[in-house]
Amino acid sequence: MSDYLNELNEGQRAAVLYNNGPSLVIAGAGSGKTRVLTYKIAWLLENGFRPWNILALTFTNKAAREMKERIALQVGEDLARRLWMGTFHSIFLRILHAEASRLGFSSQFTIYDAADSKSLLRSIIKEMGLDEKVYKPGVVQGRISNAKNHLVDPAGYAANREDHEGDCAMKMPAIRDIYHRYWNRCRQADAMDFDDLLIYTYILFRDHSEVLARYQEQFKYILVDEYQDTNFAQHSIVLQLSQSQRNVCVVGDDAQSIYSFRGADIDNILYFTKVYPETKVFKLEQNYRSTQTIVSAANSLIEKNQWQIRKEVFSEKEKGDPIGVFHAYSDVEEGDIVANKISELKRRDHYAWADFAILYRTNAQSRIFEEAMRKRGIPYHIYGGTSFYQRKEVKDVIAYFRLSINPNDEEAFKRIINYPARGIGGTTLGKMAKAANEHGTSLWAVLCEPLSYGLELNRGTTGKLQSFKELIAGFQENILQKNAYEAGMEIIQASGIAQDITQDNSPENLSRKENIDELLNGMSDFCSQRLEEGDDRIRLNDFLAEVSLLTDQDSDQDSDSDKATLMTVHSAKGLEFKNVFVVGMEEGLFPSEMSGNSPRALEEERRLFYVAITRAEEHCYLSYAKTRFRYGKMEFCRPSRFLQDIDTRFLQLPQDILTHHKIDEAAQNFRSFVRPAQLSPASTQRSLRRINQTPQNTPPASGQEASASGNKLHAGQLIEHERFGIGEVLRTEGEGENAKATIRFRNAGEKQLLLRFARFKIIV
């Protein structure tokens, strides 16, 4: 037996050595899946299979490269180099280049990337006289991509009543005609897009049996990584190629199937044994990554899913600490709690910053944690994305803010002159820039008096420029009268940005909307916090001054390689960290409100939570906020139902929850904890108060809440603040409208608040 086989446990070794027909390897989180695939291929090469007879399909070039390097260490570089190993798209491209003439393409056909594809669709939409604001190229591209990934060509799409009704519901009935033209135009251009690499491979094998037979004979063994992520087209092509030899091994974990929005179909792995009845199933159940407690908690969570292949993952590592659950009074305090805990763990246990990860459900959540980390000097980076204030939609809005304050800001002017699209193209902007340069003035000056600067334009273009000038001039007037939040809200609405980001519910557009909502949340918090601290600098220019300091710090993040990681849970799949914080564990956020009441969608959300927990090696923490500013108002939040899915034996619940409910049995305690809390009418009203009302006009607190005079507040009292949570009053000073209190908050630190604007109630 080869030495490397001794490195495998019993389950891994059995999966590697079985080569008598189809096999399904269910690889639990952290169970050594890559090692099994690598050693299985090495074993095949040492036992009669030639490298060109093995087809290994992965989802990323990185995975293929790492596996090939590991195989080379076992069998030598020469054999490893000649393997047919790579991503689905790269392998099928290789086949299509060899067989292109059978499909009416040349062997040198072009590959269109997403930008090329979108550009061609934009041209077709324009040629057909359709409104690009309705037929958004990105949305049309998504519909066509989905059709191709289900192996539906233009004729099939046109004949499918359900597809057409879906297009009509989106007010885009002409998509079937666009698809037909797009298909033909790609063929005329001797080009394929990424999705074509799948559908044309399937068509090649379907329509040319002799070609299929040749590749079936060549690929005597087929291996597929991450099978739970395959779509219908990928599954179908694997089925075509494996029908003759029946030697196919697929590896994956149905419990980590989280990409349905990309077309992944969990049924491909769930019903693999129905498609291949003679399948031998292997389960890799030993987790080498996480503590026993983390693994047990994840098991207790995922067992609640109905559609799954049952397994019992275990760990032989130390038991480890229970999973900590934090509850915060607000999303702001949640950021403070997490950042403080990271600092504490680093100081106490000497971790590197890179040993920490904060995982959230949506990109927009990063803002709170970025600001909490910056405040404490914790270096971080956004994995697989950009820092909040560097995101395109946020920069677009801020460009409007900048131009409204300083109309001579050339970069802001150029960024938004035609966003949202208002028919002012590059040619017009070029003429304006030339005139500005020749006269040594700004683009805004040229816009205001085009004739004075020799700018000759047709009536239509002149009218569009005049409308833009009036729009910005109106903003300039209003920002002097309103606070930053009010001015920002008006600019987002009046500019057309709000309408632009709400025209469809594509994942990209939803993310843009969430980011702009979060920007407004930050502006509201900026106004409220400054007023509470007795600082009346709450205009738009004050907000921009603060943001400019934050964006300056963004560039500094790259200078430090030892950084904590912030990322969405989707981005975290396949990664691991010693300490993981899963934040925003609230109904409507995680699980996402988009999942609705769909059992399948809720199960995918639970699988996503399972992925989040199983990224942790040593410590895992879960947090949720009682209130969160969303969609223009302060909302009361319910803890996520998924928290109740975890066996309480593996959780460390917040002490104040245990004390508050006075329940002896932990399970009963936790059930009470995840039910909606019963608030007093005053508390509910305060939590749901809309923050888009003018902060200066916020009604003063009443009853047990602090009065404007501050007479009821004195040193030693405990208060519950709407954003900062529990705090102790250290001292008070001043009277009437000038009354102030210095308060030490449990997580937010020491703050001085102007009582007439402060939102809190007295506890003791």
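Keep in mind that the numbers below use all heavy atoms, side chains included, and drop hydrogens, waters and symmetry copies.
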| Distance, nearest 0.5 Å, that separates CG of Asn579 from CD1 of Ile342 | 8.5 Å
| query | Side chains of Asn340 and Arg376: does their closest heavy-atom pair fall under 4.5 Å? | reply | yes
| said: Under a 3.5 Å distance rule, please check whether Asp525 uses its side chain to pair with a backbone N or O of Asn521 as donor and acceptor. | reply: no
| What is the minimum heavy-atom distance between Lys346 and Phe356, and which atoms define it? | N-CZ, 3.9 Å
| Considering all heavy atoms, the nearest Ser290-Thr614 contact | OG-O, 4.0 Å
| request: Return yes if some donor-acceptor pair links the side-chain N/O of Glu285 with the main-chain N/O of Glu312 below 3.5 Å, else return no. | output: yes
| query | Per the side-chain hydrogen bond (donor to acceptor under 3.5 Å, both in side chains) rule, which among Arg367, Arg391, Lys513 passes with Glu518? | reply | Arg367
| task | Say whether, by atom type as modelled, one donor and one acceptor occur between the side chain of Gln308 and the main chain of Ile302 under 3.5 angstrom. | result | yes
| remark: Closest non-hydrogen atoms of Ala298 and Ile613, given as atom of the first, atom of the second and distance, are CB-CG2, 4.2 Å
| Exam field: side chain Gln256 to backbone Asp253, donor-acceptor pair closer than 3.5 Å | no
| Are any of the side-chain heavy atoms of Val25 and Leu284 separated by less than 4.5 Å? | yes
| request: Kindly assign one of parallel, tilted or perpendicular to the pair Tyr351 and His619, based on the angle between their ring planes and the thresholds 30° and 60°. | output: perpendicular
| field | Under 3.5 Å donor-acceptor, Thr386 side chain and Ile382 backbone | value | no
| message | Quick one about Gln365 and Thr362 (side-chain donor to acceptor, distance below 3.5 Å, no hydrogens or angles considered), yes or no? | response | yes
| message | Before you tell me yes or no, could you show the steps for His570 and Phe261 under ring-ring contact (aromatic ring centres under 6.0 Å, His included), namely the whole-Å CA-CA distance, both residues' side-chain angles and the distance that decides it to 0.1 Å? | response | CA-CA 11 Å; His570 280 101; Phe261 66 96; 5.1 Å; yes
| query | Does the pair Phe609 and Leu622 meet the rule for a side chain to side chain contact (heavy atoms under 4.5 Å, CB included), with working shown? | reply | CA-CA 10 Å; Phe609 185 30; Leu622 314 175; 3.8 Å; yes
| When Phe88 is tested against each of Thr58, Asn231, Thr230 for side-chain contact (heavy atoms from CB on, under 4.5 Å), which residue passes? | Thr230
| Can Glu587 and Arg641 be counted as an ion pair, charged N to O under 4.0 angstrom? | yes
| task | Could you tell me how the ring of Tyr360 sits relative to the ring of Phe369: parallel (under 30°), tilted (30 to 60°) or perpendicular (over 60°)? | result | parallel
| query | Does Glu226 pair with Lys33 as a salt bridge, N-O distance under 4.0 Å? | reply | yes
| Should the ring pair Tyr329 and His327 be called parallel, tilted or perpendicular, given that the plane angle runs from 0 to 90° and is split at 30 and 60? | tilted
| query | Just wondering, do Lys341 and Phe326 contact through their side chains at under 4.5 Å, heavy atoms? | reply | yes
| message | Using 0.5 Å steps for rounding, measure from the CZ atom of Phe282 to the CZ atom of Arg13. | response | 13.0 Å
| said: Is it true that, when you exclude Lys573 itself, more than 12 heavy atoms of the residues, nucleotides or ligands shown sit nearer than 6.0 Å to its NZ? | reply: yes
| query | Is the closest basic N to carboxylate O distance between Lys375 and Glu371 below 4.0 Å? | reply | no
| request: Ignoring hydrogens and angles, tell me if any N or O in the side chain of Asp647 forms a donor-acceptor pair with the backbone of Ser300 under 3.5 Å. | output: no
| field | Pairing of Glu278 and Arg246 as salt bridge, 4.0 angstrom limit | value | yes
| Are any side-chain N or O atoms of Asp562 and backbone N or O atoms of Ala354, one a donor and one an acceptor, separated by less than 3.5 Å? | yes
| request: Check step by step if side chain to side chain contact (heavy atoms under 4.5 Å, CB included) holds for Asn268 and Val238. | output: CA-CA 11 Å; Asn268 292 345; Val238 170; over 6 Å; no
| Glu603 side chain near Gln306 side chain, heavy-atom distance below 4.5 Å | yes
| said: Check this for me: does any side-chain nitrogen of one of Glu617 and Lys578 sit under 4.0 Å from a carboxylate oxygen of the other? | reply: no
| Any side-chain heavy atom of Val248 within less than 4.5 Å of one from Phe272? | yes
| query | Is Gln74 atom CD crowded by more than 12 heavy atoms from other residues, nucleotides or ligands, each under 6.0 Å away? | reply | yes
| message | Would the distance check show the side chain of Ser571 and the main-chain N or O of Met567 forming a donor-acceptor pair, the cut-off being under 3.5 Å? | response | no
| query | How about Leu24 and Ile309: do any of their side-chain heavy atoms sit closer than 4.5 Å? | reply | yes
| Does a side-chain heavy-atom distance below 4.5 Å link Leu55 with Tyr221? | no
| Approximate separation, where rounding is to 0.5 Å, of Ile237 CD1 and Phe232 CZ | 10.5 Å
| If you draw a 6.0 Å radius around OH in Tyr383, do more than 12 non-hydrogen atoms from other residues or ligands fall strictly inside? | no
| Got a sec: does the CZ of Arg600 have more than 12 other heavy atoms crowding it under 6.0 Å? | yes
| query | Roughly how far apart are Leu45 CG and Lys40 NZ, rounded to 0.5 Å? | reply | 12.0 Å
| task | Before giving the answer on salt bridge (charged side-chain N to carboxylate O under 4.0 Å, His left out), spell out for Arg723 and Glu333 the whole-Å C-alpha distance, their side-chain angles and the decisive distance to 0.1 Å. | result | CA-CA 6 Å; Arg723 288 196 317 281; Glu333 194 193 27; over 6 Å; no
| query | Checking side chain to side chain contact (heavy atoms under 4.5 Å, CB included) for the pair Leu223/Leu44: CA distance, chi angles, key distance, verdict? | reply | CA-CA 11 Å; Leu223 303 100; Leu44 291 171; 4.3 Å; yes
| message | Minimum heavy-atom separation for Phe590 and Ser640, please, with both atom names. | response | O-OG, 2.7 Å
| task | Give the C-alpha distance, both sets of side-chain angles, the deciding distance and a yes or no for side chain to side chain contact (heavy atoms under 4.5 Å, CB included) between Gln644 and Leu301. | result | CA-CA 9 Å; Gln644 191 175 8; Leu301 168 76; over 6 Å; no
| Counting N and O atoms only, with roles assigned by atom type, does the side chain of Thr648 sit under 3.5 Å from a partner on the main chain of Leu651, one being a donor and the other an acceptor? | no
| query | Would you call Arg289 and Glu576 a salt bridge, using N to O less than 4.0 angstrom? | reply | yes
| field | Glu635 (side chain) donor-acceptor with Thr627 (main chain) under 3.5 angstrom | value | no
| query | Between CG of Asp265 and OH of Tyr227, what distance do you get to the nearest 0.5 Å? | reply | 10.0 Å
| With a 4.5 Å heavy-atom cut-off, do Asp331 and Val583 have their side chains touching? | no
| said: Return the CH2 to OH distance between Trp43 and Tyr4, rounded to the nearest 0.5 Å. | reply: 6.5 Å
| Does Tyr259 have Arg262 sitting over its ring (NZ/CZ under 6.0 Å from centre, angle to axis within 45°)? | yes
| Is there a side-chain hydrogen bond (donor to acceptor under 3.5 Å, both in side chains) between Lys311 and Asn299 once you walk through the steps? | CA-CA 9 Å; Lys311 60 183 178 298; Asn299 284 344; over 6 Å; no
| task | Return the minimal non-hydrogen interatomic distance between Ser315 and Thr291, and the atom names on each side. | result | OG-C, 4.0 Å
| remark: What one should report as the nearest heavy-atom pair of Ser592 and Arg361 is CB-NH2, 3.9 Å
